[in-house]
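Convention: sequence-line order gives letters A, B, ...; per-chain numbering from 1. Since the structure is predicted, the reported quantities are computational estimates derived from the model, not experimental observations.
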Amino acid sequence: MEMIQTKDLIFEYAKHDEEGNIIGKNRAIDKANIDVEPGSFIAILGHNGSGKSTLAKHMNAILVPSEGTMWVNGKDTKDPDELWNVRQSAGMVFQNPDNQIIGTVVEEDVGFGPENLGVPTDDIWKRVEDSLKAVGMIEYRSHSPNKLSGGQKQRVAIAGVIAMHPKCIVLDEPTAMLDPNGRKEVLRTVEELRKKEKVTVLLITHYMEEVIDADKVYVMDSGQVVMEGTPREIFSDVETLKKYRLDVPQVTMLADELRRRGLPIAKGILRTEELVEALCQLN
Amino acid sequence: MSIKLENINYIYSPDTAYQKHALKNVSLEIEQGQFVGIIGHTGSGKSTLIQHLNGLIKATSGALYFEGKNIYEDGYDMKQLRNQVGLVFQYPEHQLFEVDVMSDVCFGPKNQGLSKEECEQRAREALNLVGFPEKYYKQSPFDLSGGQKRRAAIAGVLAMHPKVLVLDEPTAGLDPRGRDEILDQIAHLHKETEMTVILVSHSMEDVAKYVDRLIVMNKGEKMYDGAPKEVFTHYKELEKVGLAAPQVTYIMHALSESGLPVNTDDTTIMEAADEIMRNLKHD
Amino acid sequence: MIRDITIGQYYPAKSILHRLDPRVKIVCTLLFLISLFLNKNVISYALATVFLFCVIKLSKVPFKFIMKGLKPIIMILMITVVLNLFLTSGGDVLFQVWKLKVTEEGLRTAVYMAIRLIYLIMGSSLMTFTTTPNALTDGIEKLLHPLNKIKVPVHEIAMMMSIALRFIPILLEETDKIMKAQIARGADLESGNILQKAKSMIPILVPLFVSAFRRANDLAMAMESRCYRGGDGRTKMKPLVYGSSDRIAYAVTWGYLIAVFLIGRFVAVKLWIF
């Protein structure tokens, strides 16, 4: 069974005029189809306004499809009886670190999800401790979130999600508001979780460097899935990516420029070592 | 015609538990017309530094000369200084407030006491400079896309005709194309108007590509000050303080270590491509 | 400036007071406040002083820190003292300044009033210094729980309080940022009459509201995605259970209140005019 699956998912919202009458519909997602296998690392790329965040909100049943279907862990997100199951299986981490921390103390924030699930008190404490350890924030357990750096806040947010024991974590541009160090910190945490806890990770981003380790990359544009493949396949096509207002990692860009100037270098180089090797063979 | 800082010290909340020495003996001079980059990790003092430039923060000790006059002298016209040194904060679109874009951009010139016609003319000019489409002039700023909001907000400062434009991470949160567009426009602006541009950035790739001079801040002190190429030769030291060199620098170092005798100074894709081509052809 | 206000802040320390159940601290603070208004003579004030200072000692919050909390009320304090001093009449006239007479009664009321106000602030800030905002809201929620029966949404009120506490510092910081940005665009926030000043606040208030709404929206989404669905079926990470020290604290405070009451009622001591 797929962890997350959509079939021809369409999401429309009504446009209103100044009196509040409906004057038309905007299609934010247009027949998107994605499949996420359990335990995999999936990335969704797309420029601002391409529909990637709207799609992410479907995975948590914050939004439900206008047409088509989304299944999370085999459960139809439109089914109201499964709402809490869906939300518990696919945890969300959002972009703004300040706006998703509810507690005034780190550990209390991490405990918020389990409290909502009705987990017994002793078990909450254990979950909070384990989750804070998993993201490396245990020594900050009694701190106020306001005093933490952006990267630390995002790690607390991730801990808050893991404490709910989800099967899948959806990260909606978790690094967009962070500095380079915070970004690295968060990505390292996600990677460790993926390896140790074997959770499925769905990362939505527009930083190209963050997706080179993904098992599969989807590219979205005007609500549609326009590209799909391994990072190597996706980054082979620099021109098309640029058309979608995206970019490629610097190494890939340099390799592409060299190929354009006539050097016989393979497409889709993602890492420095690969480029060095390719060039040394030419020498 | 310059900005000159002499032994600027700044201490936050002195004599309290939160006391922090945010700037330590910073001295530097910026000539009119330069394109300067400032890098440093969060908390390095770079934001505090730029707020000194238009007098929003007053130094605890030291002197700041704008066009030869000490701005801390009694009777210095701070309002005049703020007209000359335009400051674009991080996420400037969060400061938009007027009913339409045009009025918002006019806010600055209006405060300078210009007539309505002059304000509008300047606003048009500024919006044009940042590539803001004319059809949205009468739109509410809150209905625009992220990138357009950002443009409108930058135009709001440009319309004041500053001699110095300071931008605190103008590309934060934008997608790759949006990022390139904004930076290209700023570079174009710098060329056209001979304005001094001071760019605070987290992206080593961006500063390497655009600025003539790079100032590195660390723990409230000026750590390096020079041409980007020169500064990035210290990439090992930069790493120690939580910074890095552009990816290209690492690629060039890796190539040179693998026996390809390339010059390791290069910091941009084009320079690196030239250098690699030159090297391979010689063989 | 805003950072200097210490009322309502939490002072992290490990003390018996910090460990007490928030309900105990809320109820005992109320009892202490009541006791201040039952005080009638010098002995009961002495008792209140001893009680308050013992509790401060137990709390491990530095005395200086508590005194700092009094700063913002100095003006109110001065006005109260001066008004009471000159406007209350009764008893012998002690001295006269121009046409203003200071009577025995006036001096007594002024001094007692000042002490009451100071102790009131010290007592209640001691509660917030030793209780995290979350514990405080938990305590209030539990204490007000009976009101659920008459359809007061107690859980929701408590949740709102705790969210407000979390976001106040963030919004203060945001206000500071927006003000700076508008000043950089030449906004004049200081000069002009009241009307002009109110008008000059628009460039600050509009962005602030927009941002507050955006945050509220984000937060609601984050809470929903973490399965929040109101108070029903929720468990507590830190449930409130009374321990033996809580019971002792109740006993001591009640004992103190009764003592104050009895002294006021039956002991007639007079030290000069007090």
Side-chain angles (χ1 to χ4, degrees), chain A residues 45-50 52 95-96 147 149-151 173 175-185 205-209 221 241-265 269 271-283, chain B residues 18 39-44 90-91 145-150 169 172-181 201-205 208 241-244 246-262 266-277 279-283:
Chain A
L45 288 174
H47 62 81
N48 292 340
S50 60
K52 57 190 195 308
Q95 187 186 95
N96 191 324
K147 299 260 152 71
S149 73
E173 296 195 49
T175 59
M177 300 183 78
L178 306 182
D179 63 13
N181 291 329
R183 203 175 300 153
K184 263 185 235 155
E185 203 177 304
T205 183
H206 51 227
Y207 286 105
M208 306 302 133
E209 281 79 7
D221 186 66
L241 278 170
K242 291 224 157 161
K243 198 175 87 194
Y244 296 130
R245 297 182 64 95
L246 295 172
D247 212 347
V248 293
Q250 294 259 308
V251 187
T252 316
M253 191 115 83
L254 179 56
D256 198 59
E257 180 62 30
L258 291 171
R259 189 172 49 248
R260 210 192 314 242
R261 294 186 188 193
L263 293 188
I265 298 177
I269 281 186
R271 292 180 176 80
T272 305
E273 310 87 73
E274 295 171 29
L275 180 64
V276 171
E277 202 181 317
L279 286 173
C280 286
Q281 275 169 5
L282 292 178
N283 200 7
Chain B
Y18 305 105
I39 59 171
H41 62 81
T42 313
S44 61
Q90 205 176 2
Y91 299 105
S145 73
Q148 300 296 17
K149 272 188 200 167
R150 183 76 48 98
E169 284 190 70
L174 296 181
D175 57 40
R177 172 89 72 87
R179 200 179 61 211
D180 292 348
E181 281 171 358
S201 177
H202 275 318
S203 162
M204 305 303 148
E205 284 75 27
V241 300
L243 298 169
Q247 266 211 328
V248 169
T249 308
Y250 291 99
I251 300 172
M252 297 311 266
H253 277 279
L255 281 175
S256 121
E257 273 157 35
S258 314
L260 202 65
V262 289
D266 295 319
T267 51
T268 65
I269 304 261
M270 287 304 160
E271 288 169 0
D274 289 343
E275 177 66 20
I276 292 169
M277 293 306 285
N279 239 287
L280 289 175
K281 271 186 197 134
H282 272 278
D283 291 335

B/Glu205 portion near chain A, given a 4.5 angstrom heavy-atom threshold: side chain
Atom pair CZ (B/Arg177) and NE2 (A/His47), whose distance is rounded to the nearest 0.5 Å: 8.5 Å
A/Lys243 portion near chain B, given a 4.5 angstrom heavy-atom threshold: backbone
Proximity breakdown for A/Gln250 and chain B, heavy-atom pairs closer than 4.5 Å: both
Audit row: B/Met277, A/Leu258, side-chain contact (heavy atoms from CB on, under 4.5 Å) steps and yes/no: CA-CA 8 Å; B/Met277 293 306 285; A/Leu258 291 171; 3.9 Å; yes
A/Asn181 side chain to B/Gly242 backbone, donor-acceptor under 3.5 Å: yes
A/Asn96: partners by side-chain contact (heavy atoms from CB on, under 4.5 Å), with sequence neighbours left out: A/Asp98, A/Asn99, A/Met177, C/Arg215, C/Asp218
Heavy-atom contact with chain A under 4.5 Å, split by part of B/Ser258: both
Side chain, backbone, both or neither of A/Glu209 within contact of chain B (heavy atoms, under 4.5 Å): side chain
Residue list, side-chain contact (heavy atoms from CB on, under 4.5 Å) with A/Glu277, at least two apart or on another chain: A/Gln281
Chain B contacts, top residue of A/Thr272, A/Leu254, A/Leu275, A/Thr205 (heavy-atom pairs, under 4.5 Å): A/Leu254
Spatial distance of atom CG (A/Asp179) from atom OG (B/Ser44) [nearest 0.5 Å]: 9.5 Å
Atom pair CG/OH of B/Asp175 and A/Tyr207 - distance to nearest 0.5 Å: 10.5 Å
Contacting moiety of B/Met204, where chain A heavy atoms sit under 4.5 Å: neither
B/Leu174 vs A/Arg245, side-chain contact (heavy atoms from CB on, under 4.5 Å): CA-CA, chis, key distance, verdict: CA-CA 11 Å; B/Leu174 296 181; A/Arg245 297 182 64 95; over 6 Å; no
Passing candidate, side-chain contact (heavy atoms from CB on, under 4.5 Å) with A/Leu279, options B/Val262, B/Ile251, B/Leu280: B/Leu280
Side chain / backbone / both / neither for A/Asp247 at chain B, heavy atoms under 4.5 Å: both
Flag side-chain contact, heavy atom, 4.5 Å: A/His206 against B/Pro176: yes
Which atom of A/Asn48 lies closest to which atom of B/Gly173, heavy atoms considered: ND2-O, 3.3 Å
Residue selection (most heavy-atom pairs with chain B, distance under 4.5 Å) from A/Lys242, A/Glu273, A/Arg261: A/Arg261
Portion of A/Lys184 that has a non-hydrogen atom of chain B nearer than 4.5 angstrom: neither
Proximity breakdown for B/Glu181 and chain A, heavy-atom pairs closer than 4.5 Å: side chain
